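The structure displayed is predicted, hence computed values, not measured ones. Excluded from the calculations below are hydrogen atoms, water molecules and symmetry mates; all remaining heavy atoms, backbone and side chain alike, are included.
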Amino acid sequence: MSDEKKQQVRDIEDWRAKLTPEQYNVCREKGTERAFTGKYWDCHDKGTYRCACCGEALFDSETKFDSGSGWPSFYVPIDDRNVSEHKDMSHGMLRVEVTCTKCGSHLGHVFPDGPKPTNLRYCINSASLDLEKKD
């Protein structure tokens, strides 16, 4: 087995040890949680939403809004450099996937139907997030 293949296997083992099965499916296999089931879809606590895999700061609770979609929705990331966007043509539709720039974790998708000032809706899986609450 090549060194690169050994590293990939090790990374998979590390992620499986660190994450719950649902987090692994969402973050590492680009899965999605069912609408209205994630721990943050109806959360109103204040704080910073961080990547569940690496801890990178992704979204601030001040930019979270109720989109009615059943997933946590934000109109802007904390820093554009912390999230990456990729063309996603899975499931027979064209969407824009959002990932954590630091670790590549799948977060969700971004849509052009959000509120002002950005008109964007970052529709993010709760399983890909950890909320660092503000006091």
Side-chain angles (χ1 to χ4, degrees):
M1 185 182 299
S2 72
D3 287 342
E4 183 178 333
K5 188 68 172 173
K6 285 179 187 174
Q7 182 58 44
Q8 289 173 347
V9 170
R10 182 72 232 153
D11 288 345
I12 291 169
E13 291 172 2
D14 291 344
W15 286 125
R16 285 196 186 276
K18 176 180 174 43
L19 304 171
T20 68
E22 181 181 35
Q23 287 175 317
Y24 184 85
N25 174 257
V26 169
C27 298
R28 308 319 304 175
E29 298 179 318
K30 300 182 186 234
T32 189
E33 62 202 15
R34 288 188 346 228
F36 304 102
T37 63
K39 63 183 174 181
Y40 298 127
W41 79 270
D42 193 30
C43 177
H44 302 284
D45 295 337
K46 301 296 182 200
T48 300
Y49 287 88
R50 295 183 171 278
C51 177
C53 291
C54 71
E56 183 73 85
L58 301 172
F59 300 96
D60 188 284
S61 62
E62 296 299 319
T63 65
K64 188 173 187 282
F65 67 99
D66 182 4
S67 67
S69 67
W71 287 276
S73 297
F74 306 86
Y75 61 82
V76 67
I78 284 179
D79 187 324
D80 288 338
R81 296 172 294 189
N82 294 5
V83 298
S84 297
E85 297 181 5
H86 313 276
K87 186 181 200 180
D88 177 2
M89 296 181 64
S90 64
H91 305 291
M93 57 187 132
L94 175 60
R95 299 179 293 173
V96 178
E97 177 191 15
V98 181
T99 62
C100 173
T101 301
K102 185 175 179 182
C103 72
S105 175
H106 171 76
L107 304 173
H109 293 85
V110 61
F111 302 96
D113 61 0
K116 292 187 185 297
T118 65
N119 298 317
L120 296 174
R121 173 174 55 100
Y122 288 84
C123 189
I124 308 298
N125 289 284
S126 291
S128 66
L129 300 172
D130 281 326
L131 176 59
E132 179 183 359
K133 293 182 184 179
K134 288 182 187 171
D135 293 331

Exercise. Which word best sums up how the rings of Y49 and Y40 line up, parallel for under 30°, tilted for 30 to 60°, or perpendicular for over 60°?
Worked result: perpendicular
For this session: Keeping the roles fixed (side chain from Q23, backbone from A52), state whether a donor-acceptor pair exists under 3.5 Å.
Result: no
Problem set entry | Transitive ILVMFWY side-chain link L19 to L107, under 4.5 Å | no
Exercise. What pair of heavy atoms forms the shortest contact from V98 to V83, and how long is it?
Worked result: CG1-CB, 3.8 Å
For this session: Please report the closest heavy-atom contact between C100 and L58, naming both atoms and the distance.
Result: SG-CD2, 4.4 Å
Seminar exercise, completed: When every non-hydrogen atom of P72 is compared with those of S126, the smallest separation belongs to CG-OG, 3.4 Å
For this session: For residues 43-54, pull every pair meeting salt bridge (Lys or Arg N to Asp or Glu O under 4.0 Å), keeping only residues two or more places apart or in separate chains.
Result: D45-K133, K46-E62, R50-E132
Exercise. When you look at V96 and H109, which way does the side-chain contact (heavy atoms from CB on, under 4.5 Å) test go after all the steps?
Worked result: CA-CA 5 Å; V96 178; H109 293 85; 5.9 Å; no
Seminar exercise, completed: Value for CH2 (W71) from CZ (R121), rounded to nearest 0.5 Å, stands at 8.5 Å
Seminar exercise, completed: In terms of heavy-atom contacts, V76 and T118 come closest through CB-CG2, 4.1 Å
Seminar exercise, completed: dist H106:NE2 -> N125:CG (nearest 0.5 Å) comes out at 5.0 Å
Exercise. So, D60 and K134, do they make that salt bridge, N to O below 4.0 Å?
Worked result: yes
Exercise. Which heavy-atom pair separates R81 from T101 by the least distance, and what is that distance?
Worked result: O-OG1, 3.1 Å
Seminar exercise, completed: Minimal heavy-atom distance between E33 and G38, with the atoms involved, is OE2-CA, 3.8 Å
Exercise. Which class fits the ring pair F36 and W41: parallel under 30°, tilted 30 to 60°, perpendicular over 60°?
Worked result: perpendicular
Exercise. Between atom CZ of R28 and atom CG of D11, what is the distance when rounded to the nearest 0.5 Å?
Worked result: 8.5 Å
Exercise. Which distance, rounded to the nearest 0.5 Å, do you find between the NZ of K39 and the CG of D42?
Worked result: 15.0 Å
For this session: Answer with yes or no whether the hydrophobic clustering places F65 together with F59; edges join I, L, V, M, F, W, Y residues whose side-chain heavy atoms lie under 4.5 Å apart.
Result: no
Problem set entry | side-chain contact (heavy atoms from CB on, under 4.5 Å) evaluation trace for R95 with F111 | CA-CA 8 Å; R95 299 179 293 173; F111 302 96; 4.3 Å; yes
For this session: Measure the spacing between CG of N82 and SG of C51 and express it to the nearest 0.5 Å.
Result: 10.0 Å
Problem set entry | More than 12 heavy atoms from other groups under 6.0 Å of CE on M93 | yes
For this session: Mind checking the OG-CG spacing from S73 to L120? Nearest 0.5 Å is all I need.
Result: 11.5 Å
Exercise. Is L131 reachable from V26 through a run of hydrophobic residues whose side-chain heavy atoms are each under 4.5 Å from the next?
Worked result: no
Problem set entry | Contact list for residues 64-76, test salt bridge (Lys or Arg N to Asp or Glu O under 4.0 Å), sequence neighbours left out | none
